[in-house]
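Chain letters run A, B, ... following the sequence lines, proteins first and then strands; every chain starts at 1. Reckoned from all heavy atoms, side chains included, excluding hydrogens, waters and symmetry mates.
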Amino acid sequence: MAKGGVCKTSIRRFDSDRGLHIYNSLTKQKELFLPQEDNKVGMYVCGVTVYDNCHVGHARAYVTFDIIRRYLEYRGYSVFYVQNFTDIDDKIIERAKEENRDIKEIAERFTDEYFEHMDKLRIKKASVYPKATQHIKEMITIIQGLLDKGYAYNANGNIFFEVSKFKDYGKLSGRTVTGSPGVTQVEADSGKRSPADFALWKSSKDGEPAWDSPWGPGRPGWHIECSAMSMKYLGKTLDIHGGGQDLIFPHHENEIAQSESYSEQPFVKYWLHNGFVTIEDEKMSKSLGNVFTLKDIFKDHSPENLRFLFLTAHYRSPMDFGIGKLKETKTGLDKIYNLIEKIKLIIDRSSANAFGERQQTEEEKSLIEKIQKAKAEFEAAMDDDFNTPLALGSIFDLVRDTNTFIKNAVDGKEEKVDSAATEVLNRVLIVLGELMELLGLPVVPTDTTDRASQHLTSIMEILTEVRNTARAKKNWEISDKIRSDLDSLGIVLEDHREGTTWKWK
RNA sequence: GGCGGCAUAGCCAAGCGGUAAGGCAGAGGUCUGCAAAACCUUUAUUCCUCGGUUCGACUCCGAGUGCCGCCUCCA
């Protein structure tokens, strides 16, 4: 396969074949990614409404855009990432009422929970997290502008966007104004001229939270906050706007309508939408009672396990979630971690200076080629609309090749591994680490990284030492007891030529 | 009803005009005190069905079947 590189270049005929290609929901095709301004990317992702616990669906969405963001940065772009919090909304008001608390308290509680879980999932922080309630002024400005231009009308203090005035309406969702199933009647007292019209501003009823506006006290409609906040932080045209597939209609369609009517500029260059999480092939919803919250999942499963599961499917495909799947993919993830641990062990035990310089063996040269190949394939996969399942394939190839190398060049030899061999293995470690980081996966499983576990690490060292002493004396009774007792605690010991490693089941 | 998506081995999942990546599970073998891990071999003459285009189709076109999502809050 030494000629592989030559083959590859001959396959790539045009320059435009190279470079990052992204599927754009607006044009429904993959396009070469070119931001407006050379290496700067402005990216907006619809955030959560903070009224309830985070679930797997949220996790998938934000992991998806986290990986996209990480890859853009890896590709040398400077990304300005904006993600909002909807902290005023009917559901928050409802919940506050139920619990007899202030809406602010509710919003803060779930905002904190959001960060707690997203941190566990290693989702990088956005550049800004604007909140709807802190941008009422900006929203009012846009609404007023839309009124002035004749795109909106006032009906008893409610301001509606008049959809028929915007000729491009439906260009994202393919939805026409008359496409509804006939059920949608104009609500009697709303004052809407057409069922398709949507609220920019809602006048408030007594006791509801309200802000002053030129049209009387009220609160913003759902869609306007995203237009106001995205344009405030990213300008009139965003490079990327992301969100879940369910947001395409009406939310994103309405964002386009109001933003473009107001700014007279294209609102978004690339629209990205992640696929949904289903449970037993059905949509996850409260009414079906099949919601998996992150809190529950993290009780028994590590965050990287969940993240890894998301990576096994393309971000635009639907993903069926289940605990069984989570366990299955853990085995795959462990395969990578097993190798990392093993390499570390070999490097630790190697004779540092050994015999000084010597020629690389054929096996070492071949491994180095495979490292480069894996990296190139990984990048090509990610360049193709962030194809993580394909990218994972290149990682697994590298893992297998490295294991084979270890088997032949390390395990098979009596003498200690010398510096030339460890240098090659170290390269694997570096590249593996780099790719894992790109996918947001920790290089060390999180179970061993928190504070309490630090002690555990030391204790495990002592235990394995004692056990290995017993083994050296062929005292299998004691050594096997230690192993089986640990096993019942969920800790698995693995004896290698170079020493013993352990991991959680 | 309108709009959109998907159908690839036991399961998950890439590929989308040049003859089926990868992972899990299974089987056999190697290594090992045993176990685990790891490695090797093996598991789709075939990609929902039927037509068509083509030298050639899982990949393109048409029809059909079956699932799913959106059209109401939603990642």
Side-chain angles (χ1 to χ4, degrees), chain A residues 25 28 45-49 51-52 54-65 86 89-91 94 170 173-176 178-184 195-196 222 242-251 253 273-278 281-287 308-309 311-314 316-320 322 324-325 327-339 341-342 377 381 384 387-397 399-408 411-412 471 474-476 479-480 483-484 487 492-497 500-503 505:
Chain A
S25 310
K28 295 180 176 50
V45 175
C46 284
V48 287
T49 301
Y51 78 105
D52 209 346
C54 294
H55 56 245
V56 232
H58 294 122
R60 156 110 113 151
Y62 300 117
V63 164
T64 295
F65 290 106
T86 301
D89 155 280
D90 290 350
K91 291 189 295 295
E94 210 174 290
S173 62
R175 213 64 56 90
T176 54
T178 49
S180 294
V183 206
T184 322
W222 173 34
Q245 247 156 28
D246 58 327
L247 295 179
I248 292 175
F249 191 87
H251 189 233
E253 194 66 65
H273 293 96
N274 67 277
F276 250 61
V277 173
T278 57
D281 289 324
E282 273 185 323
K283 186 176 173 175
M284 192 171 61
S285 74
K286 286 193 187 134
S287 51
F308 187 76
L309 174 64
L311 298 175
T312 62
H314 186 90
R316 282 189 282 117
S317 308
M319 150 154 298
D320 199 51
K325 295 239 172 67
K327 287 179 179 164
E328 268 168 34
T329 52
K330 179 171 188 299
T331 314
L333 218 208
D334 278 347
K335 198 171 185 159
I336 302 172
Y337 286 135
N338 284 340
L339 176 65
E341 287 307 303
K342 196 164 183 200
E377 284 176 357
D384 185 12
N387 193 332
T388 54
L390 223 203
L392 246 29
S394 69
I395 290 186
F396 281 115
D397 286 342
V399 169
R400 194 194 52 240
D401 291 338
T402 308
N403 272 320
T404 305
F405 173 84
I406 291 174
K407 182 179 175 261
N408 297 333
D411 285 351
R471 287 176 67 218
K474 296 195 195 288
N475 190 337
W476 311 127
S479 61
D480 287 353
R483 187 172 61 197
S484 71
D487 186 83
V492 182
L493 291 183
E494 291 168 8
D495 296 325
H496 302 99
R497 195 190 186 87
T500 303
T501 57
W502 68 275
K503 68 181 178 195
K505 247 197 262 186

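- In terms of phosphate contacts, N403(A) brings a side-chain nitrogen or oxygen within less than 4.0 Å of OP1 or OP2 of rC39(B).
- Taking atom C1' in both rU46(B) and rA20(B), one finds a spacing of 8 Å when rounded to whole Å.
- Comparing rC73(B), rC70(B), rA25(B) by their nearest atom to the side chain of F249(A) picks out rC70(B).
- Contact annotation: the side chain of D52(A) never approaches that of K91(A) to less than 4.5 Å [non-hydrogen atoms, C-beta and beyond].
- In this pair, F276(A) lays its aromatic ring flat on the base of rA75(B), centres within 5.5 Å and planes under 30 degrees apart.
- The phosphate of rC24(B) (OP1 or OP2) has a side-chain N or O of K335(A) nearer than 4.0 angstrom.
- Comparing the P positions of rC58(B) and rG17(B) gives an interatomic distance of 13 Å, to the nearest angstrom.
- Rounded to whole Å, the separation between the C1' atoms of rC31(B) and rU41(B) comes to 15 Å.
- With a cut-off of 3.5 Å on both Watson-Crick or G-U wobble distances, the partner of rG1(B) is given as rC71(B).
- For K91(A), whose side chain is taken as the heavy atoms from C-beta onward, the closest listed nucleotide among rA37(B), rC73(B), rA75(B) is rC73(B).
- When atom types are taken as modelled, the side chain of N387(A) and the backbone of A381(A) share no donor-acceptor pair closer than 3.5 angstrom.
- With hydrogens and angles left out, the side chain of R483(A) and the base of rC34(B) share a donor-acceptor pair within 3.5 Å.
- Across the C1' atoms, rU8(B) and rA44(B) are found 8 Å apart, a figure rounded to whole Å.
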Mind running side-chain contact (heavy atoms from CB on, under 4.5 Å) on T501(A) and K342(A) for me, showing each step along the way?
CA-CA 8 Å; T501(A) 57; K342(A) 196 164 183 200; 5.9 Å; no
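- Across all strands shown, the partner of rC24(B) is rG10(B), judged by Watson-Crick or G-U wobble contacts whose two distances both fall under 3.5 Å.
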Each nucleotide in nucleotides 6-21 of chain B should get exactly one letter: B, S or -. Can you fill that in based on protein heavy atoms under 4.0 Å?
------SSSS-----B
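- Contact annotation for L493(A): base contact, defined as any heavy-atom pair under 4.0 Å involving a base atom.
- For R471(A) against S479(A), the heavy-atom pair with the smallest separation is CG-CB, 3.4 Å.
- Of the listed nucleotides (rG33(B), rA36(B), rC39(B)), rC39(B) has the atom at the smallest distance from the side chain of T404(A).
- Both F308(A) and G57(A) lie near RNA chain B, and the one whose nearest nucleotide falls closer to the 5' end is F308(A).
- Base pairing annotation: rC58(B) forms no Watson-Crick or G-U wobble pair, as no partner gives both donor-acceptor distances under 3.5 Å.
- Between the C1' atoms of rU49(B) and rG10(B), the separation comes to 23 Å (whole Å).
- Taking the side chain as every heavy atom from C-beta outward, D487(A) and K505(A) approach each other to under 4.5 Å.
- Counting only heavy atoms from C-beta on, R471(A) has its side chain closest to rC34(B) among rC34(B), rA25(B), rA75(B).
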Pair E253(A), S173(A) - check side chain to side chain donor-acceptor pair (under 3.5 Å), show working.
CA-CA 7 Å; E253(A) 194 66 65; S173(A) 62; 2.6 Å; yes
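- Spacing between rC61(B) and rG18(B) at atom P, rounded to whole Å, works out to 15 Å.
- Annotation: side chain of L339(A) is in contact with side chain of T402(A) (closest heavy-atom distance under 4.5 Å).
- On the C1' atoms, rC40(B) is 34 Å away from rA7(B), given to the nearest whole Å.
- In this entry rU30(B) has rA38(B) as its Watson-Crick or G-U wobble partner, both defining distances falling under 3.5 Å.
- Within 6.0 Å of the NZ atom in K327(A), the count of heavy atoms belonging to other residues, nucleotides or ligands does not exceed 12.
- You cannot call F396(A) stacked on the base of rG23(B); the centres under 5.5 Å and planes under 30° rule is not satisfied.
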Under the side-chain contact (heavy atoms from CB on, under 4.5 Å) criterion, do E494(A) and N338(A) qualify, and how do the steps go?
CA-CA 10 Å; E494(A) 291 168 8; N338(A) 284 340; 3.9 Å; yes
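- A donor and an acceptor atom sit less than 3.5 Å apart, one in the side chain of D480(A) and one in the base of rG33(B).
- When the P atom is used for both rC11(B) and rC47(B), the distance is 16 Å, rounded to whole Å.
- RNA chain B is contacted by both S394(A) and K503(A); S394(A) maps to the nucleotide lying nearer its 5′ end (nearest heavy atom per residue).
- Between K327(A) and the phosphate of rA25(B), there is no side-chain N or O to OP1/OP2 separation shorter than 4.0 Å.
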